[in-house]
Structure formats: structure tokens, C-alpha cells
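Since we're looking at a predicted model, the values are computed, not measured. Just the heavy atoms: all of them, side chains too, but no hydrogens, waters or symmetry mates, feed the values below.
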Amino acid sequence: MRTTLVLIFLLLPVLALAQDWEDRRVFGNPEAETQLRIISSTDTSLFAPVIERYLGDNTDLSVEYLVTGTSDIYTIFRENPEAFDVVISSAMDLQIKIANDGFARPLSNVSHPEWAQWRSSLFAFTSEPAAIVINRAAFAGQAIPGTRQELIEALRARPEMFRGRVGTYDVRQSGLGYLFATQDARASETYWRLMEVMGALDVRLYCCSGDMIDDLSDGTIAVAYNVLGSYATARVDSRETLQIILPSDFPTTMMRTAMVSRAAPHPERADAFVRHLIALQSSADGGVLPLPPIDAQVNDPDGATIVLEPALMTFLDALTRKKFLAEWEDAVIQK
Amino acid sequence: MGHSPSVSGSLRNRLVLSLIGGAAILAVLLFFVVRNYAAQVAQQGQDNILRASVTSILDAAAIREGEVEVDIPYAAFSMLGTASDDRIFHAIYQDARFLSGYPYLPMAAGRGRESTFATVSHQGEAVRVVTASRVLIADGKRTNVRVALAQTQDALSGQLEQISKNAALLGAGFFVLAILLSFWATSATIGQLKRLTDAVTRRGPQDLSPFQKPVPSEMLPLVTSLNSLMGRLDQSLGQSEDFIAEAAHRVRTPLATVRSYAEATLQRLDKEENRQDMRSMMRAIDESSRAAVQLLDHAMITFRSDHLERQDIDLAQLVDELVVRLTPIAEMKDLTLHYESDGPVPYSGDPILIQNAVRNLLDNALKYAPIEGTVTIAVSATPQVVINVCDSGKGFPDGELETLTSRFKRGANAEGTIGSGLGLTIAMDVASAHGGVLKLSNQPEGGACAQLLF
Ligand SMILES: Nc1ncnc2c1ncn2[C@@H]1O[C@H](COP(=O)(O)OP(=O)(O)OP(=O)(O)O)[C@@H](O)[C@H]1O
Ligand SMILES: [Mg+2]
């Protein structure tokens with residue numbers, strides 16, 4: 001009895017970490033003494049080049065790359081900040097909150113634009129607009145919508161075509177989806193009308209951009225709203241079938257951010273890795289990182305890029321979130 | 001002579017030190033006052049933003065279907081953005097029930113709509129927290145919604161650091177300026193003292209007249225006492241001069257009488273030893289009357305020097321008259337008086353004094369030069385007004401040149417000659433009363449030289 005208790009007690013942290021990861025991969029020499037643990041929402045395929053480049057210079061190291069959804073990252077990491085070295089996520093609001101609550105470790109003297117970092121602990125390294133992605137086949141012979149308004153009109157024009165064939169994030173599950181939704185709602189009322197129209201068409205709700213692109217590629221759905229354009233671009237195989245549209249009214253743009261855990265087991269290594277990441281995105285050979293670097297939108301005339309500021313935490317407040325989700329459900333889930 | 005009074009501290013140092021000390025205290029005070037004030041203003045700035053933010057959150061609170069609903073405006077948090085990316089925390093309560101935000105955020109005490117502020121510690125950091133509440137009424141029930149909003153103070157402390165730096169610079173600048181000013185003020189003040197000192201130092205040795213120049217009121221007591229001291233000094237000096245003159249005069253006449261009696265008695269004495277005694281007695285009488293004459297002269301000279309009245313005279317003529325007057329005495333001693341002058345030597349001085357001085361020099365030459373010698377008297381105007389009296393005697397005794405002008409000082413060679421030791425003193429006093437000097441020297445070929453240089 002006692003031994004089992006002790007055993008459970010000993011295994012508790014391990015059990016807690018026995019997580020269902022979307023993906024888990026170990027890079028570099030698995031025998032290496034130090035293993036850097038990165039928890040991330042970025043698909044392994046997109047991030048692998050960055051890690052491989054880093055390991056090329058640090059052969060004594062291995063990297064464990066763990067992929068999960070943005071909301072999960074937030075909960076998992078906050079529960080066990082000492083289990084991870086680096087946190088990478090596209091949900092800027094959740095990342096800001098983690099940093100605000102003191103879980104991030106500030107790095108000194110990182111040369112990075114002021115607007116692309118927060119408290120010297122959260123660093124943006126990509127700039128990725130939310131896009132409307134369509135399956136070309138569904139729009140054969142039809143005008144391609146260029147704005148949200150045009151999308152609304154296109155959906156209304158052929159409801160039989162789109163019923164059950166439109167998709168967007170389930171903002172209750174996806175942190176990034178929630179970020180896009182709240183920022184869209186802030187920017188314009190059009191967002192709510194679009195949601196009502198999509199809701200009326202029995203919108204399919206997704207956890208992640210990857211799944212939406214999969215369903216778009218095989219024709220399960222015809223239109224997806226607020227998909228990460230960068231993911232679609234990265235899919236070489238589906239270039240023919242898909243078209244990525246950046247809404248010209250306001251292309252809500254997210255910046256992927258990275259931070260070092262305050263309780264990181266290998267703080268110096270984690271520090272070096274984040275510096276490497278920042279250096280890589282700003283370096284000329286951007287080819288390594290298959291995601292658009294922040295420099296691409298240094299001048300952001302539309303102000304469409306979500307500002308990395310504590311105001312992002314507004315919609316994370318339980319009451320505010322509750323109210324927003326209620327409105328969203330009203331619009332999207334129509335019974 | 002060289003007795004210098006003991007020094008106790010320096011007025012200048014004391015003044016400078018107290019001024020600098022005062023300035024230092026003021027500078028430090030200035031630093032703290034400026035910094036405190038600026039800190040208050042900066043804190044007020046943060047408080048104002050916090051108040052505006054918390055008010056906008058409260059305004060967004062409503063009751064729907066019996067439940068409190070708060071839709072925090074994006075601007076509420078957005079306005080809290082700072083250059084230092086300060087962290088923010090909030091907590092929303094309905095009555096005593098926690099609704100959302102950070103449950104452990106400390107609240108500032110206080111009731112009502114009025115916002116209250118406090119600096120507390122949250123998550124190990126000092127935060128400024130504002131608390132405000134609002135009463136909502138629905139279905140006749142009152143509900144109190146209370147919101148606390150906190151922000152770290154990184155930007156504020158950055159600002160404070162900058163302000164402190166500036167305040168320190170201000171204080172230091174003030175201090176440096178004050179030091180410069182204190183040096184200036186001190187030297188200006190000490191300057192008054194120095195001016196008075198200079199005025200005292202510049203005075204001739206006989207000048208005991210009161211100070212007339214205006215002085216600062218603080219120095220008036222000093223100058224007044226100085227003046228009264230000098231007045232008393234002048235008076236007592238004058239009294240003693242008068243007394244000496246009077247005494248000399250009173251002694252001289254009876255001495256002359258005694259001498260004539262002694263001479264008469266000598267005629268009548270036959271015994272050689274008695275005659276000898278009588279001669280010694282006459283000699284003593286001679287010494288005494290010479291001393292009386294010289295003392296009288298000296299007193300007269302001191303008096304006239306004090307109130308020197310200059311008039312235009314021809315020194316050549318003045319000396320010539322003297323030489324003429326003394327020629328018979330010289331001839332009695334088989335001495336030749338050789339007078340040289342190249343024309344008139346105009347000079348502005350007191351003729352009686354100068355006459356007296358030259359007569360004493362001639363008197364010495366006649367007294368100490370050997371019989372059949374020559375006394376050369378020369379007066380010239382170029383390059384300087386000078387009266388030379390040189391003889392062909394043995395000269396001034398060696399090693400005594402410096403001291404012979406002292407009062408009652410007689411040389412080693414003076415034995416056997418009648419004299420009082422005041423002759424050279426008189427000559428020197430006359431020279432210095434006219435702003436000149438008496439120079440004594442021995443000629444290389446022998447013979448003493450006395451020069452009155454004006
Ligand atoms: N022409 C001179 N040659 C040598 N010695 C001299 C000569 N003139 C002065 N002295 C020396 O200087 C001394 C001081 O001279 P000073 O005239 O002051 O006094 P004094 O001649 O002795 O007395 P008196 O007051 O009667 O003149 C003299 O005693 C003498 O020793
Ligand atoms: Mg003499």
C-alpha cells in the first residue's frame with residue numbers, strides 16, 4: 001500500500017506530463033546530456049529548419065519539440081513552467097498573459113524592434129495574416145470575394161452551394177481563433193454579420209488551421225475564414241486547388257511569439273535559442289524559416305497587425321470572455 | 001618690533017565655510033524637494049490613468065438577467081501601456097464574491113464611487129492599485145460591483161530615476177553657483193577689511209590723524225575705537241614731547257648758570273686736583289646741556305614733522321648760509337670747509353628742519369674729523385636732490401653703520417667728545433619726514449660720508 005502510494009507520488013509529475021501531444025519530435029543527438037524542451041503551437045514541419053540550423057552549431061544538445069494547441073499550451077505551461085525551456089505560440093493574448101503573470105524570463109540586450117517585444121521577455125518573430133482560403137472549384141466561374149462584405153454576399157448568393165461547407169475556428173477551443181475573432185470584432189461589425197451568415201450555413205468549427213486546410217484541399221469545405229495564410233502557402237501539394245485571399249478591408253495579422261520560461265531547466269540554452277530564432281527571422285536568409293518574418297510589415301499602414309500590448313488581456317477576463325462567447329454562440333450556433 | 005599677534009582661525013575661511021555649508025544644505029534640500037514634488041506629480045499621472053481605466057471598466061458593468069456582466073473596454077487596458085511595458089492586474093468582485101481577474105490582488109481600502117489608491121505588493125512586485133465600486137440596481141435589488149486595477153511601477157521608477165538625476169544636477173549646479181557666489185561675497189566683504197588695513201599700513205609713522213573715509217556700518221565701531229586709540233596716542237605722544245621740550249628748556253638755563261659759576265670757580269682754584277675735579281664737573285655740565293639742546297631740537301623736529309609745512313626753498317643757498325655760519329668754528333680747528341654746488345637746488349620742504357639736519361651732519365664732521373682735514377659739502381639736484389657731507393677723518397666705526405642712527409647711540413670713536421647720540425637720529429627723522437633717507441657710508445680713501453637723499 002505504502003509503496004504504491006510512494007510510486008504514485010513519484011510518478012505524479014511524469015503522469016502530469018503524459019500529455020496527448022499533437023506531435024512530439026526529438027531533434028539532434030538523443031544521447032546528449034542537455035535536452036531543450038520547446039512547447040509550441042507551430043507545426044513541426046514549419047519549425048524543424050530553425051531547430052536543425054541551431055543544432056548544427058550546438059552538437060552537444062538535443063531538442064524535444066512538443067506541439068499542441070494554443071489554449072493547451074497556456075494551461076500546460078502554467079501548470080508546469082519548470083518542465084519547459086521555450087514557449088512558442090501564435091496566441092498573442094495568451095502569451096502576453098503568461099508574461100504578465102511572471103512566467104517569462106527577461107532576456108537582456110536583445111536587439112529587436114520595441115513594438116515586436118514585450119518586457120524584453122516576449123519576442124515576436126513572424127507576421128502572419130488571417131486569410132480567407134477558398135477551394136477554387138467551388139468558385140469556378142464566380143467572382144472571387146476580396147473582402148468580408150463580398151464573402152457575405154457570395155455566401156448569401158449560393159446558400160445551397162455552401163451549406164455545411166464553410167469552416168472557421170471554434171473560438172471556444174482555439175486560442176488563436178479566439179484572438180482573431182476578438183480582434184475582428186473590435187475592428188468591425190462586419191465580423192458579426194459574417195458569423196451570422198456562416199452560422200446559418202451550418203458552419204463547421206475547427207481546432208486548427210491545419211485541419212481546415214486539409215478539409216479545403218479535399219473539398220469537404222469550400223471556404224474557410226480566418227485561416228493562417230502562411231500554413232496554406234506552406235502546403236505545396238494544394239497550391240492548385242486552394243486560393244488564399246487576404247481581406248483587403250483589414251487583414252488581421254498575428255505575430256508568433258517566443259519566450260523563455262522563468263523556471264526553465266536550461267535558461268542559458270533557452271536564451272541562446274530564442275536569440276537564434278530572432279536573429280534568423282531578421283537575417284537575410286529568411287529561407288530557413290518558412291514563415292513570413294516581422295520585417296515584412298515594418299510599415300503597417302492599415303494598423304492591421306495586432307499590437308503586442310497588455311490590452312490583449314482584455315478578452316481573457318472571465319466576464320468579458322463569457323460575454324463574447326455568448327454573443328459568438330448566438331451568431332454561429334443557430335438552433 | 002616683529003611681534004605678530006596670535007592667529008585664531010580665519011574670517012575668510014569661516015565665512016566661506018559657513019556659506020558653502022549653507023549652500024550644501026540648501027542643495028540637498030533642493031534635491032529632495034524637487035524629487036519629491038516630481039515623484040508626486042509622476043505618481044499622480046499614473047493614478048489619473050488608473051482612475052480613468054477603472055472608471056471605464058465600471059461603466060461597462062451591467063446586470064442582465066440577474067447576473068453581473070462586465071465587458072471590459074479594450075481602451076481600459078490599452079491606456080495602461082507604458083514604455084517599460086508595465087504589468088497590469090485586475091480583479092472584479094460582486095459584493096464580496098470574486099468574479100474574475102486575479103483573486104489575490106490586494107485591494108485598496110475605501111468605499112463608494114470614490115477611487116482609492118494604494119501601493120501594495122503583488123506577485124513579489126510593488127504595484128499601484130486603484131479600487132472603485134459602483135452600485136447597480138436591478139429588480140429592486142442593490143448590487144455592489146467592485147473593481148481593483150493594478151499596475152507595476154517600472155515606467156514610473158524609470159521616470160523617477162531620470163527626475164532624480166536631473167534634480168541632482170540641479171542641486172549640484174546650484175551648489176557650484178553658490179560656491180562661486182560665496183567666494184565672491186567673501187572677498188568683497190574681506191576686501192573692506194583689507195582696504196582699512198592698507199589704509200593703516202600706508203600711513204607714515206607719525207600719522208596719527210583719525211580715519212575719515214567712509215566704512216561699512218559693521219566696521220564703524222572698529223574704526224571708531226581705532227580713531228580714539230590713535231587720538232589718545234597722539235595726545236600722550238604730544239604731551240611727552242612737550243614735557244621733554246619743557247624739561248630740556250628748564251634744565252638748560254640753570255645748567256648754563258652752573259657752568260658759568262664753575263668756570264669762575266676754576267679761575268680761583270689753585271690746587272691741581274681741585275682744578276681737575278672742577279674740569280670734570282664742567283665736562284659733565286657740557287654733556288648735560290648738549291643733551292638738553294639736542295633733546296629740545298629732537299622734540300621740535302618731531303613736532304614739525306607731524307605737521308610738516310613745506311615751502312619752496314633753495315637748498316644750495318640754505319646749505320651755503322650754514323657753511324658760512326660754521327666757517328669760523330672750522331677755522332678754529334684748522335679745518336677747511338669745501339662747499340660745492342652747481343647752481344640753485346629748488347626744493348619744497350621745511351627749511352628749519354633741513355637746516356637742523358645739515359647742521360648736525362656738519363657738526364659731526366667738525367667733531368670727528370682730524371685737525372687740518374677737509375670737509376666737503378655738496379648739494380646737487382640731479383639725478384636726485386641730495387646733500388652730501390664728507391670728511392677726511394677715520395670714518396664711522398666699523399660694524400656700527402647700521403646702529404648709529406638709533407637714539408642716544410654713540411660710536412666707539414666718540415669717547416672724549418661731547419655729544420648725546422641724537423645728531424644722526426635728528427638727520428634721519430628730518431629725511432624721512434620729507435620722504436627721503438639718510439645714507440651713511442665710509443669712503444674707500446677714508447673719511448665718513450653722510451648723505452641726505454630727498
Ligand atoms: N663724521 C664722523 N666721523 C666719524 N664718526 C662719526 C661721524 N659722525 C658721527 N660719527 C659717529 O656716530 C656717532 C653718532 O653720531 P651722532 O651725531 O648721532 O651723535 P654725537 O655726535 O655723538 O652726539 P650729538 O647728539 O651731540 O651729535 C658718533 O658718536 C660717532 O661715533
Ligand atoms: Mg653729532
Enquirer: What part of A:Phe315 lies closer than 4.5 angstrom to a heavy atom of chain B: side chain, backbone, both or neither?
Expert: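 Contact with chain B involves the side chain of A:Phe315 alone.
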Enquirer: Give, as side chain, backbone, both or neither, the part of A:Glu114 having an atom under 4.5 angstrom from any heavy atom of chain B.
Expert: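 Side chain only.
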Enquirer: Does B:Phe98 CZ have over 12 foreign heavy atoms under 6.0 Å away?
Expert: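 Check passes, neighbour count above 12.
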Enquirer: Rounded to the nearest 0.5 Å, how far does CZ of A:Arg119 lie from CG of B:Asp154?
Expert: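 So the CG of B:Asp154 and the CZ of A:Arg119 are separated by 4.5 Å.
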Enquirer: Which heavy atom of A:Asp101 sits nearest to which heavy atom of B:Gln123, and what is that distance?
Expert: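 In this case the closest contact between A:Asp101 and B:Gln123 is O-OE1, 3.1 Å.
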Enquirer: Is any side-chain heavy atom of A:Asp317 closer than 4.5 Å to a side-chain heavy atom of B:Ile92?
Expert: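 In short, these two side chains touch, coming nearer than 4.5 Å.
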Enquirer: Does a side-chain heavy-atom distance below 4.5 Å link B:Arg87 with A:Pro310?
Expert: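 No; the side chains remain at least 4.5 Å from each other.
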Enquirer: Grab the two heavy atoms, one from A:Ala318 and one from B:Leu99, that are nearest each other, plus how far apart they are.
Expert: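 The answer is CB-O, 4.4 Å.
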Enquirer: With rounding to the nearest 0.5 angstrom, report the CG to CD1 distance, A:Leu319 to B:Ile57.
Expert: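 Atom-to-atom, A:Leu319:CG and B:Ile57:CD1 are 11.0 Å apart.
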Enquirer: One thing to verify: whether A:Lys323 and B:Glu67 come together as a salt bridge, which I'm taking to mean a side-chain N less than 4.0 angstrom from a carboxylate O.
Expert: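 The answer is no: the pair does not qualify as a salt bridge.
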Enquirer: Please look at B:Ile88 and chain A and tell me whether the side chain, the backbone, both or neither of the residue comes under 4.5 angstrom of a heavy atom of that chain.
Expert: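 B:Ile88 touches chain A through backbone and side-chain heavy atoms alike.
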Enquirer: Which region of B:Ala60, side chain (C-beta onward) or backbone (N, CA, C, O), has a non-hydrogen atom less than 4.5 Å from a non-hydrogen atom of chain A, or is it both or neither?
Expert: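 No part of B:Ala60 comes within 4.5 Å of chain A.
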Enquirer: Which distance, rounded to the nearest 0.5 Å, do you find between the CG of A:Asn100 and the CZ of B:Phe89?
Expert: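 Answer for the CG-CZ pair, A:Asn100 versus B:Phe89, is 5.0 Å.
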Enquirer: Between the side chains of B:Asp71 and A:Thr320, does any donor sit under 3.5 Å from an acceptor?
Expert: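 There is no such pair (donor and acceptor under 3.5 Å, judged by atom type) between the side chains of B:Asp71 and A:Thr320.
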Enquirer: Checking heavy atoms, do the side chain of B:Ser78, its backbone, both or neither come under 4.5 Å from chain A?
Expert: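 Both backbone and side chain.
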Enquirer: How many angstroms lie between CG in A:Leu316 and CD1 in B:Ile72, if you round to the nearest 0.5 Å?
Expert: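 It is 9.5 Å, given to the nearest 0.5 Å.
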Enquirer: Quick check on A:Lys322: does its NZ atom have over 12 non-hydrogen neighbours (other residues, nucleotides or ligands) under 6.0 Å away?
Expert: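 Open.
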Enquirer: Tell me, for B:His90 versus chain A, whether the close heavy atoms (under 4.5 Å) come from the side chain, the backbone, both or neither.
Expert: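 B:His90 touches chain A through side-chain heavy atoms alone.
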Enquirer: Side chain from CB out, backbone as N, CA, C, O: work out which of these in A:Leu308 comes under 4.5 Å of a heavy atom of chain B, or both, or neither.
Expert: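 A:Leu308 has no heavy atom closer than 4.5 Å to chain B.
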Enquirer: Might you point out which heavy atoms bring B:Tyr74 and A:Gln183 nearest each other, and give the distance in Å?
Expert: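 Residues B:Tyr74 and A:Gln183, closest heavy atoms: OH-NE2, 3.0 Å.
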Enquirer: List the atom of B:Asp86, the atom of A:Trp118, and the distance in Å for their closest heavy-atom pair.
Expert: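 Answer, listing the atom of B:Asp86 first, then A:Trp118: O-CZ2, 3.6 Å.
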